[in-house]
Amino acid sequence: MSEGVIDVHSHFLPPWYVESAKAAGHEQPDGMPDWPAWTAEEHLGFMAERGIARSLLSLSSPGVALGGGVDPVRLARRVNEYGATLAAEHPDRFGLLASLPLPHVDAAITEVRHALDHLGADGVIVPTHALGDYVADASHEALWQELADRGCVVLLHPTSPVGREATMPGLPRPMAEFLFDTARVVLALAMRGVLGRHRGLRLVVPHSGSLVPMLADRAALFQLGRRAALPPGDAPAHSAPGIMDVLGALWWDLAGTPTATHLDAIADRWGTRRLVYGSDWCFTPPIAVDLQHAMLDDAWEACGAAPGLPSWRETTTANATRLLHGATRSAGRSDG
């Protein structure tokens, strides 16, 4: 196995965070049986066994919006300080995607500035929603502006959607609901013009594209239909970037199920220059990560865009280097 892989989608779990989450009612996170075990030493060992050179640590669902009286502002700061300490202790192995105390947008912007300017974070992780407030809502415009002005790396991450008790009761939400929630947010960001207005965003879509590539053509047709109903003189609406254009500016991590179906759906539309690797460890156990690697080996060989390309390890690592190299920690637009 070649070395040097950069893992942009990997999670850490401070033990005190798990206790706080359980106390707030999250005994079974997102319908999963239990919380996984995690230590920095185990994470480093996991990386060494799989040729992963560097992992960007982030806090997975349910994030810092735990409810139950837990203050997300204080919790986000504690999580980020802990993650920054780990990154400082292992600067060549760990990076940090900072958590934001949503749904409090002003506090989230303050935390962006603290994490990037003082903690040296590589970017941020943003949930699809926080306590029912979805990040595609217009109330989050100032946050997207801040992130875009900084050319910030943003890992979008799903969490259990509102109404989950009625949609798929008794089933783990990561199986399907996570994909639905990601798709609804990405498509809403595209259709509402957020991605078109904020081209400096370095937004990473998780889980092998979720369902976004499969729905992109349908969304593009709806966009055409909506534009056809607009007055001819509405120049801004008619000249706004199209769905395929703005989705082509996104990045796609290969966590989850990186099969030929998912890989082809991305590569056929937007190529392979924005594919990055994600293990989703520690919520994905090592045996499942190894299975994902085997899936990627097979899918990469079968992918129509892959002949003549380097391996997925080399390709995703080169892409992740560009993703991170282009990010800025101070305000100002950056190139893609």
Side-chain angles (χ1 to χ4, degrees), residues 8-9 126-129 134-138 140 144 147-148 153-159 161 174-230 236-278 295-296 299-300 302-306 309 312 315-316 319 322-323 336:
V8 305
H9 186 159
V126 170
T128 48
H129 73 87
Y134 274 83
V135 295
D137 186 79
H140 292 70
W144 292 119
L147 296 171
V153 174
V154 181
L155 175 62
L156 182 69
H157 200 284
T159 188
M175 182 183 73
E177 293 286 6
F178 272 25
L179 306 187
F180 301 150
D181 221 45
T182 298
R184 68 169 53 95
V185 167
V186 173
L187 294 179
L189 290 171
M191 293 289 284
R192 293 173 182 171
V194 176
L195 299 182
R197 287 192 298 275
H198 303 302
R199 300 307 287 262
L201 282 172
R202 293 176 173 268
L203 184 66
V204 181
V205 180
H207 304 129
S208 300
S210 296
L211 299 177
V212 176
M214 289 75 165
L215 294 173
D217 292 327
R218 184 174 177 85
L221 285 173
F222 271 79
Q223 184 183 56
L224 285 174
R226 292 174 69 177
R227 287 185 176 183
L230 293 172
H238 285 287
S239 62
I243 288 288
M244 289 301 187
D245 179 25
V246 296
L247 293 182
L250 303 182
W251 302 74
W252 313 86
D253 85 41
L254 296 176
T257 48
T259 63
T261 299
H262 287 264
L263 187 59
D264 281 345
I266 299 171
D268 286 351
R269 289 165 176 78
W270 304 295
T272 60
R273 281 179 51 81
R274 291 174 178 264
L275 297 176
V276 290
Y277 173 71
M295 287 181 185
L296 265 173
W300 197 256
C303 177
L309 287 179
W312 65 261
T315 299
T316 61
N319 292 347
R322 285 191 298 108
L323 170 68

(request) Starting at CG of Leu179, measure out to CE of Met214 and round the result to the nearest 0.5 Å. (result) 9.0 Å
(message) With rounding to the nearest 0.5 angstrom, report the CH2 to OG1 distance, Trp300 to Thr272.
(response) 4.5 Å
Those residues that, when tested against [X], pass side chain to side chain donor-acceptor pair (under 3.5 Å) (two or more places apart):
X      : result
Ser208 : none
Glu177 : Thr167
Trp144 : none

(message) Test side-chain contact (heavy atoms from CB on, under 4.5 Å) on Met244 and Trp270; report intermediate values, then the result.
(response) CA-CA 9 Å; Met244 289 301 187; Trp270 304 295; 3.8 Å; yes
(message) Taking Leu323's backbone N and O only, do any of them form a donor-acceptor pair with Arg274's side chain (distance below 3.5 Å, no angle check)?
(response) no
(message) Main chain of Gly248, side chain of Arg269: is a donor-acceptor contact present, judged purely on distance under 3.5 Å?
(response) no
(request) State which residues pass side chain to side chain contact (heavy atoms under 4.5 Å, CB included) with Leu296; sequence neighbours excluded, sorted by chain then number. (result) Leu254, Pro258, Tyr277, Trp312
Does any non-hydrogen side-chain atom of [Y] lie less than 4.5 Å from one of [X]?
X      : Y      : value
Leu155 : Asp253 : yes
Val8   : Trp251 : no
Thr128 : Leu156 : yes
Leu195 : Leu250 : yes
Leu263 : Leu275 : yes
His129 : Thr159 : yes
Trp252 : Pro213 : yes
Leu247 : Val186 : yes

(request) Write down the atom of Ala190, the atom of Val246, and the distance for their closest heavy-atom approach. (result) CB-CG2, 3.8 Å
(message) Which label fits His157 and His207: parallel for a plane angle under 30°, tilted from 30 to 60°, or perpendicular past 60°?
(response) perpendicular
(request) Start with the C-alpha gap between Ile266 and Val205, add the side-chain angles, then the distance that decides, and say whether side-chain contact (heavy atoms from CB on, under 4.5 Å) holds. (result) CA-CA 11 Å; Ile266 299 171; Val205 180; over 6 Å; no
(message) Among residues at least two apart in sequence or on other chains, which ones pass salt bridge (charged side-chain N to carboxylate O under 4.0 Å, His left out) with Asp245?
(response) Arg199
(message) If the condition is salt bridge (charged side-chain N to carboxylate O under 4.0 Å, His left out), which residues does Asp181 pass it with, not counting sequence neighbours?
(response) Arg184
(message) Between His198 and Leu147, is the side-chain contact (heavy atoms from CB on, under 4.5 Å) condition met? List the steps.
(response) CA-CA 9 Å; His198 303 302; Leu147 296 171; over 6 Å; no
